[in-house]
Amino acid sequence: MNRIAKVAVDLSLDREFDYLIPDELISKIEIGSRVEVPFGKRHVNGFVVGLTDESDFDELKPIGKVLGEKSLITEPVMELARWMSSYYLAPFENCVRSVLPAVVRRKAHGEKQQLMVSLNVDEASRLVLQKPEHVAPANEAGSLVYEGLTEKQSAVIHCLEKTNSMLLSELTVAAETTASPIKTLEKKGLVTLSKESIYRNPHEGVEILKTAPLTLMPEQAVALKKVIEAMDAEKPETVLLHGATGSGKTEVYLQAIAYALEQGKGAIVLVPEIALTPQTVDRFRARFADKPERVAVLHSSLSDGERYDEWHRIRAGEAVIVIGARSALFAPVENIGLIVVDEEHEPTYKQDEAPRYSARDAAVMRGHRENCAVVLGTATPALESYCNAKSGKYTYVDMPSRVDNRKMPEIRVVDMRLEGQRDGKHGLFSKELIYEIHARLDRVEQTMIFLNRRGFSSSLVCPDCGYVSECEHCSVKLTYHKARNRLICHTCGDERAAPDRCPECGSKEFKYSGAGTEKIEEVMAKLFPKANIARMDSDTMRKKNAHRELLTKFRLGKIDILIGTQMIAKGLDFPNVTLVGVVNPDHALHMADFRAGERVFQLLTQVAGRAGRGQVEGEVIVQTYTPHHPAIQFARRMDFDGFCDQELAFRKELFYPPYAHLTCITLRGKQESLVEKTGESLFYYLEQAVSDEVMLSPLVPAPISRVRGEYRYQILMRAKKTGVMTHAVRRAVAAIKKWPKGVKCTIDVDAMSLL
Ligand SMILES: [Zn+2]
Ligand SMILES: [Zn+2]
């Protein structure tokens, strides 16, 4: 019997405290319970994150009382947290924190409770109007006073006679009074005050019209049928829905969710970055708009109060369809019928702090545990998911055609090396791209220009002495942001004023190389002076609704050319976009990551998918210095199978995912020698601990060897099963008797980024 509870108190302290569980509470306390505990000289509220029967401390104080009836976490979600803890080697408390929004845990914002005032009709009916002392305007009942009541009290009663009950805040306005006469009326038994929770609706004021289900194209109909079969199966399955961009995956999700609702079940829909996909969210809200309270939306730009309310609406069973980013997977939906992971290949589903879980993989696990079907949807399946489908672990459904049989856009690859040879200079844009943009402007069609690099120039170089501006804290170059005239580190965010002369030799001849979105915008404005040009990247999208506003302008045709980073690559659907230009995807290919080719292929496919979604066919121009790279060539031919074949052969050869699971251990600290020494002894113990199923790579400096002044070293492990690696890591870490202060270690199971 666990007699000690680990409690995270509501004081924003990032640690837990041990408390004794008194006998009378033992049956009431579980993980997820809210409790009141003594803390110093006062009592504070907290949240039970763990139960144990051992403590490092002797004299523990007992828990005061349990608050509320329900644990804040449902049992299956708690189980999921347990699985995450063991699979991703993360402290359980950490995982518990992840599955419950901080605001719900802390209850800092509480429910926005309002007092509701109701008229006690029986009592009030006995009231008698008395003759006014002064002559009142006959048609103004409000000025008539009841016997035994003041003028103000009478005014309150008059207001309530119309509606029987009103919010206190509304009533005081309507009766032009304060709360005090209402309190007096309560004492007289004429009204009752009760607490009402008012949900803050983050979408208030947004009008949504209900949409009817669309008629499905044959491929969509087959897909829906297979999804429903997966939902109905005795052991519900995971479906990989491989649908081309524009093939209508969302409609399939919507109809599958409608089916879940018919069965009395709920659904969770995960989208990669919800702030970037307002259109998708709107479509869900619109389809279920007849009962909008059924839909909850969880995303990062909600206020704490809104997030708290949405979560409690779900917990109360009022909202049964949850749409959100990564952590929405843990929404306390009970009796869940379907989990959709849209754009399942997106790396943003992997959390980059502990617990380093993949929401896609955790979704499959949740589906498995709660007996519900999971749909992974994408135009470019992650190779892991693709292999799971090919091996029969997942059901594979493909929708290669676009709805209404719209053609896929034609993709042209422009060799920028030849472009440079032809006229002896390296411009930013090829003649073809400029020509095609002109044509679009003439026809009043729209263009999107994609470049995955923000800022003005990616480096500042002195041609006289060779000086390159680098971050003082990281081993990366600083990016020049012209509008702000700053040099900014995109790794740690550090920034400083751009120098007007070389700090090394004093020369004023700086060279800016490597164009970013800011520069593209500037050059475009010169090339197309009459066009309306806008830029969308994290520098221009800092304000809360900036993204939505810009996209609305674009939709209304007020922008001719939209320039952007990956923000514009995802899920956007603008029928009037007939040209997409991709500028220099090459640098992404040169990243020190075995997934670089896969990323570029996915990105090009996604970006190309933005073109030609309306009546007019679309066209894509890719400008590159490495036109023959397989990722670019396969993307040009829209040949996913071809890309997979060659990429999988390479992965198999080198024993990389999906043929192996990969664990990346990173050690970091300010003192390089200590980091390296610690890494070496960890490697030594790992060598002792691993079985021969594990391929262990030696300690090496990480590709980005320094970040925020900390040196970084890595050890990679690969094996067919994760368990054999985590087992060895546990033993090796335990073997290091005294972990040196100043060296931090992160363990990333199924790591998505190795930089
Ligand atoms: Zn210089
Ligand atoms: Zn930096």
Side-chain angles (χ1 to χ4, degrees), residues 14-16 56 84-95 97-98 350-357 470-476 489 491-494 591-594 655-657 660-719 721-755:
D14 196 24
R15 51 178 286 215
E16 292 90 41
D56 297 337
M84 277 169 28
S85 168
S86 115
Y87 187 87
Y88 293 106
L89 272 179
F92 178 56
E93 286 84 351
N94 234 323
C95 298
R97 284 174 189 279
S98 290
K350 187 83 156 68
Q351 174 152 293
D352 58 9
E353 57 189 51
R356 294 180 157 73
Y357 68 94
E470 272 196 16
C471 179
E472 284 172 25
H473 318 287
C474 312
S475 57
V476 297
C489 172
T491 298
C492 74
D494 195 40
M591 298 251 263
D593 190 322
F594 71 94
F655 196 48
Y656 269 119
H661 284 275
L662 181 150
T663 300
C664 176
I665 303 175
T666 306
L667 295 107
R668 57 184 217 277
K670 301 240 185 257
Q671 214 184 319
E672 185 171 14
S673 57
L674 189 62
V675 176
E676 193 178 3
K677 208 174 122 232
T678 312
E680 271 162 8
S681 51
L682 182 63
F683 180 77
Y684 169 81
Y685 289 117
L686 278 171
E687 259 188 323
Q688 316 281 308
V690 292
S691 65
D692 47 7
E693 294 161 87
V694 180
M695 190 167 151
L696 181 66
S697 307
L699 182 80
V700 289
I704 299 178
S705 58
R706 196 161 62 103
V707 171
R708 292 182 186 86
E710 291 184 323
Y711 293 88
R712 306 168 76 239
Y713 278 77
Q714 278 181 354
I715 300 170
L716 281 191
M717 301 169 82
R718 281 168 280 166
K721 290 238 178 337
T722 302
V724 291
M725 290 187 282
T726 48
H727 175 73
V729 173
R730 273 200 198 93
R731 282 180 54 188
V733 170
I736 296 184
K737 291 280 178 310
K738 204 158 177 281
W739 194 273
K741 261 193 185 153
V743 179
K744 283 162 254 171
C745 174
T746 57
I747 298 152
D748 193 354
V749 176
D750 292 339
M752 288 303 285
S753 167
L754 303 178
L755 295 178

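- Expressed to the nearest 0.5 Å, how far CZ of Arg730 lies from OG of Ser86 amounts to 6.0 Å.
- Applying the ring-ring contact (aromatic ring centres under 6.0 Å, His included) rule to Phe594 yields the partners Tyr656; only residues at least two apart in sequence or on another chain are considered.
- No donor-acceptor pair closer than 3.5 Å links the side chain of Arg731 to the backbone N or O of Val690.
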Quick one: side chains of residues 662-674, donor-acceptor pairs under 3.5 Å with protein atoms, not counting sequence neighbours, listed by atom name and distance.
from   : atom 1 : to     : atom 2 : distance (Å)
Arg668 : NE     : Glu710 : OE1    : 3.0
Lys670 : NZ     : Arg708 : O      : 3.4
Glu672 : OE2    : Tyr713 : OH     : 2.9

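- Residues in residues 745-755 take part in these side chain to side chain donor-acceptor pair (under 3.5 Å) pairs, two or more places apart or across chains: Tyr87-Asp750, Lys350-Asp748, His661-Asp750.
- Heavy atoms only, all atoms of each residue included: Tyr357 and Met84 are closest at CD2-CE, 4.0 Å.
- Two residues are said to be in side-chain contact when any heavy atoms from C-beta on lie closer than 4.5 Å; Pro740 and Lys677 fail this criterion.
- Residues passing the ring-ring contact (aromatic ring centres under 6.0 Å, His included) test with Phe683: none are found, sequence neighbours excluded.
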Can you give the donor-acceptor pairs under 3.5 Å from side chains of residues 692-702 to other protein atoms, not counting sequence neighbours?
from   : atom 1 : to     : atom 2 : distance (Å)
Glu693 : OE2    : Ser691 : OG     : 3.3

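- Considering only residues two or more places apart in sequence or on other chains, Ser705 meets the side-chain hydrogen bond (donor to acceptor under 3.5 Å, both in side chains) condition with Ser475.
- Scanning all heavy atoms of the two residues, the minimum distance from Val476 to Ile704 falls at CG1-CG2, 4.0 Å.
- Rounding to the nearest 0.5 Å gives a distance of 8.0 Å between CD1 of Ile747 and CG of Leu682.
- For the side chain to side chain contact (heavy atoms under 4.5 Å, CB included) test with Tyr88, the passing option among Thr726, Val749, Asn94 is Val749; the others fail.
- The minimum heavy-atom distance linking Pro91 with Ser85 is given by the pair C-OG, 4.0 Å.
- Nearest heavy-atom pair, Met717 versus Val729, reported as atom, atom and distance to 0.1 Å: SD-CG2, 3.7 Å.
- The 12-atom threshold is not exceeded at OH of Tyr684, counting heavy atoms of other residues, nucleotides or ligands nearer than 6.0 Å.
- Here the side chain of Arg718 pairs no donor or acceptor atom with the backbone of Pro657 at under 3.5 angstrom.
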